[in-house]
Every structure is written in structure tokens, then in C-alpha cells.
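Below is one structure; the comments refer to it alone.
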Amino acid sequence: MGPNTIGNEELIVRQAQNGDMAAQRIIYETHVRYLTSVCSRYILNCEDVKDVLQDSFMKIFSSLASFEYRGAWSLRSWMCRVVVNETLKFLKRTSRLEFAELTEAEHAIPFEEPNTDMLRASEIYRLIRELPDGYRAIFNLYVIEGKSHKEIAEILNIKEGTSASQLHRAKAMLASRIKEYQSSF
């Protein structure tokens with residue numbers, strides 16, 4: 001998004017809120033790639049991503065009238081929340097989120113953060129996408145979206161402890177995969 005687009009964003013939002021299809025198309029075209037990447041952090045199947053994005057954009061445009069513009073990036077942040085919510089609804093509806101509590105032995109295993117200095121962001125992203133759905137969802141919500149375990153528990157209708165244990169497992173699995181990847185060189 002260039003500086004001119006940001007300066008005109010509030011005007012475009014107002015036009016879109018008034019039903020201007022050209023303005024809605026500009027919003028779609030400006031944000032679809034970013035929102036696709038957000039959705040792809042949670043869902044692997046391309047067709048499922050397209051379906052969730054379609055549902056998300058329908059929700060975005062049907063609720064746009066209630067959106068209050070609060071400066072640059074407020075639209076993108078709001079749209080991102082809509083996409084994450086629609087993505088999580090999809091994962092719950094399709095029963096792809098499975099969670100299990102950590103055993104005492106697993107609690108006792110210390111977590112060693114891997115050295116990722118030599119990894120490209122694309123490789124880290126790929127390794128995160130290889131996590132099981134439940135681990136990946138909680139990892140993304142906690143690490144990327146900045147949600148607390150309490151918020152994640154409310155969003156996913158699970159216990160806070162389940163969120164924490166799944167994050168622990170996700171980090172351990174990711175660390176292991178990063179080490180495997182690094183040792184392959």
C-alpha cells in the first residue's frame with residue numbers, strides 16, 4: 001500500500017460504506033494478498049483458504065457500515081481480525097482442532113529456543129505451516145496475533161491450561177523441526 005493509498009484510504013472507506021462498488025473493489029484488491037497470507041497461517045488447503053476469504057470479505061463488506069476509521073492501518077487491522085475469526089470458525093466447524101493436556105513428563109521437559117538467525121523468514125513460515133492444525137492455530141494466536149491464553153481459551157472454547165500446553169508443544173515441535181532443518185545442511 002503506497003502513501004497515496006493510505007492518504008485516500010479514509011475517503012475510499014467512506015465511499016465503500018455508502019455502497020460504492022469501485023471503492024469496495026479497491027479495498028479488496030489492496031488487502032486480498034495480505035489477508036490471504038493471514039488465512040494461510042492457519043489453513044493449508046488452497047480451496048479452503050479461498051472459501052474462508054470469500055466468507056470473510058462477505059462479512060467485511062456487510063459490516064463495513066459499522067466500521068469506524070481510526071487512521072492508517074485501522075482498516076487492515078479490523079479486516080485481519082475478521083479473517084482470523086472466520087478462519088477459526090472454519091477450523092472449529094471442520095473439527096480440525098484437536099487438543100490434549102500436557103503430561104507431567106512433558107511439563108518437565110525444558111524448552112530450548114532454537115537459533116533462527118541463519119533461517120530465512122520463508123523457511124520459518126513453512127515450518128510453522130507444517131505444525132498440526134491445533135498447535136498452529138494456538139501458536140499463531142499467541143505469537144503472531146498477541147492473544148493471551150485467556151483470550152485464546154475464550155476464542156477456541158478450551159481451558160487456559162490447554163492453550164498453554166498446546167503452545168508449549170507447538171514450540172517444542174517447531175524447535176525440533178528447525179534443528180532438523182539446520183542439520184540437513
Side-chain angles (χ1 to χ4, degrees), residues 1-93 97 113 116-117 119-129 131 133-157 163 166-167 170-171 174:
M1 188 179 329
N4 290 338
T5 307
I6 292 171
N8 294 328
E9 187 177 59
E10 185 173 11
L11 174 62
I12 292 167
V13 168
R14 271 195 254 123
Q15 290 171 336
Q17 287 173 323
N18 291 326
D20 183 326
M21 297 299 280
Q24 289 179 2
R25 182 162 213 65
I26 290 169
I27 289 171
Y28 174 84
E29 289 172 355
T30 303
H31 298 282
V32 69
R33 289 185 66 166
Y34 174 74
L35 296 174
T36 299
S37 71
V38 169
C39 189
S40 295
R41 286 197 310 247
Y42 297 87
I43 299 173
L44 302 180
N45 181 286
C46 291
E47 291 304 313
D48 291 340
V49 169
K50 288 177 187 175
D51 290 345
V52 170
L53 281 174
Q54 181 178 357
D55 292 345
S56 296
F57 274 104
M58 288 174 51
K59 180 143 193 168
I60 286 166
F61 290 125
S62 69
S63 339
L64 194 58
S66 63
F67 169 72
E68 185 180 329
Y69 189 82
R70 296 179 185 209
W73 305 110
S74 64
L75 177 64
R76 179 172 276 193
S77 296
W78 176 72
M79 292 171 68
C80 182
R81 282 192 306 277
V82 171
V83 169
V84 168
N85 289 338
E86 291 300 309
T87 300
L88 294 172
K89 283 181 194 173
F90 171 83
L91 289 172
K92 284 189 243 180
R93 187 173 61 245
L97 299 176
E113 192 153 326
T116 58
D117 293 342
L119 284 177
R120 291 188 313 266
S122 61
E123 284 305 318
I124 295 171
Y125 177 74
R126 182 185 62 78
L127 292 169
I128 291 169
R129 283 182 46 89
L131 293 171
D133 292 335
Y135 292 178
R136 189 174 60 253
I138 289 177
F139 182 88
N140 281 315
L141 286 168
Y142 189 86
V143 175
I144 310 293
E145 309 296 337
K147 302 287 185 196
S148 69
H149 288 300
K150 181 178 182 178
E151 291 171 311
I152 294 169
E154 290 171 3
I155 291 167
L156 299 177
N157 197 25
S163 175
Q166 299 309 289
L167 178 64
K171 284 181 171 181
L174 184 59

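Quick caveat, the model's predicted, so the values are computed rather than measured.
Counting only heavy atoms from C-beta outward, the side chains of M58 and Q54 approach each other to under 4.5 Å. Side-chain atoms of Q166 and I152, non-hydrogen and from C-beta on, never get closer than 4.5 Å to each other. Taking 4.5 Å as the limit, some side-chain heavy atom of N140 sits within range of a side-chain heavy atom of I128. Contact of the E86 side chain with the C39 side chain is not registered, since no non-hydrogen atoms from C-beta on lie closer than 4.5 Å. A heavy-atom distance below 4.5 Å is found between the side chains of S63 and W78. Residues I60 and L75 fail the side-chain proximity criterion, which asks for heavy atoms closer than 4.5 Å.
Residues meeting the side chain to side chain contact (heavy atoms under 4.5 Å, CB included) test with Y125, sequence neighbours left out: S40, R41, R129. By the ring-ring contact (aromatic ring centres under 6.0 Å, His included) test, Y142 pairs with H149, sequence neighbours left out. Y28 meets the side chain to side chain contact (heavy atoms under 4.5 Å, CB included) test with V32, F57, F61; sequence neighbours excluded. Contacts of R70 classified as salt bridge (charged side-chain N to carboxylate O under 4.0 Å, His left out), with partners at least two apart in sequence or in another chain: E68. Every salt bridge (charged side-chain N to carboxylate O under 4.0 Å, His left out) that R25 has, sequence neighbours left out, goes to E29. Listed by chain and residue number, nothing satisfies the side chain to side chain contact (heavy atoms under 4.5 Å, CB included) test with R33 (two or more places apart in sequence, or in another chain).
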